[in-house]
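Presented below is the structure to which this report refers.
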Protein chains: 2
Amino acid sequence: MARPLGFDPEEAKTALMNIFWARGYEATSMQDIEVATGLRKQSLYRLFGDKHSMYLAALRTYEDCVVAEAERILGQTPGSARARFAALLDWVIRSASDAGDVRGCFLANASAEASAADPETAEVLAIMSGRMASAFDGALSADARYRDDAGLRRARMRHLLAAYVGLRILVKGAFDEAAMREAADDLLLSI
Amino acid sequence: MARPLGFDPEEAKTALMNIFWARGYEATSMQDIEVATGLRKQSLYRLFGDKHSMYLAALRTYEDCVVAEAERILGQTPGSARARFAALLDWVIRSASDAGDVRGCFLANASAEASAADPETAEVLAIMSGRMASAFDGALSADARYRDDAGLRRARMRHLLAAYVGLRILVKGAFDEAAMREAADDLLLSI
DNA sequence: ATTATTATTTACCATACGGTCCGTAATATT
DNA sequence: AATATTACGGACCGTATGGTAAATAATAAT
């Protein structure tokens with residue numbers, strides 16, 4: 001009878017997400033991963049395969065956790081498109097200021113990190129971007145004028161997505177909370 | 001009499017900028033830098049000190065080259081604020097599509113790369129962000145309504161800067177040329 | 001030709017890196 | 001207790017990494 005796992009794989013994935021999100025792929029060593037997960041390399045290799053596969057698992061965990069939360073906010077906030085985006089941006093700003101979380105957005109960070117840009121990573125990133133784009137599209141559709149004009153909706157969705165990604169990069173240093181709120185408020189005027 | 005340098009330090013800095021911009025700090029090894037610059041490590045260490053100082057030199061070169069070019073475009077394009085931003089965004093989109101340059105923006109990439117986030121790097125990045133923000137502020141001032149309302153100008157500047165940074169991240173994979181143009185056109189409607 | 005100074009080339013260094021090997025441990029079943 | 005199976009811990013691996021040491025080279029001045 002096989003020895004049971006001494007840890008929860010989901011917790012390992014969450015720890016992987018957190019460390020790779022904070023530090024990026026190249027700057028996170030296996031020793032860092034050991035410390036973050038509380039597991040030894042051999043256990044990690046047994047479960048995930050290699051460092052790169054751990055990275056992909058981290059990205060997928062982010063998708064299931066953070067991208068899904070953004071989708072929930074955009075999809076379930078009652079009212080207008082603007083109200084939905086306001087809720088999303090408020091969530092972004094609050095996590096940076098209240099929780100002191102300046103990791104930005106793992107999707108944006110990973111997109112910026114060229115070294116991890118192999119086809120598999122690119123595919124996971126594309127899926128996540130696609131989900132964000134769809135969620136943005138859906139939130140805009142709360143307003144009749146966007147429902148009735150697919151071209152406008154798509155262009156606005158792209159603009160909003162670019163600004164969202166930019167805000168999540170700038171939260172890491174260039175923009176303080178006040179600047180974030182100012183940018184967000186002006187962005188909401190576009191809707 | 002000392003032996004003269006066998007290379008041009010400015011060319012070395014440009015080569016450093018290009019390799020670090022393409023690959024980021026952690027994923028660029030000293031061997032990569034040797035290949036990119038055509039110089040041996042000892043020569044590089046003599047001139048720059050250490051790898052991190054080479055990175056700072058690369059960022060400063062980017063500031064003098066690319067940030068300065070964006071400033072020139074925004075400052076010297078005749079006409080309205082919108083025309084100025086249109087020229088800037090066109091330049092961004094054209095470098096991605098015509099020149100196949102998908103490195104994005106070194107400033108944005110460096111901001112996303114947590115490992116290089118020591119105080120010195122943060123300072124260089126802050127200076128560059130500040131220059132971009134000032135250039136955006138100046139370009140908006142081409143229109144009387146922005147000249148006459150500092151609060152509006154500042155909020156719009158922040159929004160535009162976020163969207164610009166986001167576009168430069170998204171150009172690396174999530175947005176093709178058509179998507180870039182669509183997002184840019186919608187962004188220009190905000191001005 | 002010699003000299004002093006800096007620059008380049010080559011070899012070398014200690015440590016870090018991602019990954020593998022192998023002995024021991026944990027478990028249910030018999 | 002013995003067994004088979006998987007899981008974990010610790011040691012080990014070959015290569016990569018950022019950096020240093022030392023010999024040789026380039027140059028103008030004497």
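Lettering of chains follows the sequences in order, A, B, ..., and the numbering in each one begins at 1. Values below: all heavy atoms of this structure, side chains included; hydrogens, waters and symmetry mates excluded.
Along DNA chain D, the nucleotide nearest to B:Met30 and the one nearest to A:Ser43 differ in position, and the one closer to the 5' end is contacted by A:Ser43.
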Output a table of nitrogen or oxygen pairs between the protein and nucleotides 10-15 of chain C separated by less than 3.5 Å.
residue	atom	partner	partner atom	Å
C:dT10	OP2	B:Arg40	NH1	3.3

Identify each atom pair where a protein N or O and an N or O of nucleotides 3-6 of chain C are less than 3.5 Å apart, giving names and distance.
residue	atom	partner	partner atom	Å
C:dA4	N3	B:Met1	N	2.9
C:dT5	O2	B:Met1	O	2.7
C:dT5	O2	B:Ala2	N	3.3
C:dT6	O2	B:Arg3	N	3.3

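Counting only N and O atoms by type, the side chains of A:Asp137 and A:Ser134 include no donor and acceptor under 3.5 Å apart.
Taking atom CG of A:Leu44 as the reference point, atom P of C:dG18 lies 12 Å away to the nearest angstrom. Atom pair B:Met54:CE and D:dT17:P shows a separation of 14 Å (rounding to whole Å applied). Between A:Phe7 atom CZ and C:dA26 atom C1' the separation is 14 Å, expressed in whole Å. For the pair A:Glu26 CD and D:dG18 P, the interatomic distance rounds to 10 Å; values are reported in whole Å. Between the OH atom of A:Tyr45 and the P atom of C:dC17 there is a distance of 11 Å, rounded to whole Å. Between the P atom of D:dG19 and the CD atom of B:Gln31 lies a distance of 15 Å, rounded to the nearest Å. Rounded to whole Å, atom P of C:dT9 lies 8 Å from atom CG of B:Leu39. Across the protein-nucleic acid pair, A:Leu47 atom CG and C:dG19 atom C1' stand 16 Å apart, rounded to whole Å.
Taking every heavy atom of residues 12-20 of chain A and every atom of DNA chain D, no pair lies under 4.0 Å.
Side-chain N/O atoms of B:Ser29 include none lying less than 4.0 angstrom from OP1 or OP2 on D:dA16.
A:Ile127 and A:Val67 are not part of a single hydrophobic cluster, where members link through side-chain heavy atoms under 4.5 Å apart.
A salt bridge between A:Arg153 and A:Asp148 is absent, with no side-chain N of the basic residue lying under 4.0 Å from a carboxylate O of the acidic one. The pair B:Arg60-B:Glu63 does not count as a salt bridge, with every side-chain nitrogen at least 4.0 angstrom from each carboxylate oxygen.
Looking at heavy atoms from C-beta onward, B:Thr14 lies in side-chain contact with B:Asn18 at the 4.5 angstrom threshold. Counting only heavy atoms from C-beta outward, the side chains of A:Arg158 and B:Leu187 never approach each other to under 4.5 Å. B:Asp186 is listed as a side-chain neighbour of B:Leu189, based on a closest heavy-atom distance under 4.5 Å.
Annotation: cation-pi pair B:Arg156/B:Tyr146 absent, no NZ/CZ under 6.0 Å from the ring centroid and within 45° of its normal. Remark: B:Lys51 fails to qualify as a cation-pi partner of B:Phe20 under the 6.0 Å distance and 45° angle criteria applied to the six-membered ring.
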Working note: A:Glu26 + B:Tyr25, criterion side-chain contact (heavy atoms from CB on, under 4.5 Å); need CA distance, chi angles, decisive distance, verdict. CA-CA 9 Å; A:Glu26 289 287 337; B:Tyr25 180 77; over 6 Å; no
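Note: B:Trp21 and B:Tyr62 have perpendicular aromatic rings, judged against thresholds of 30 and 60 degrees for the angle between ring planes.
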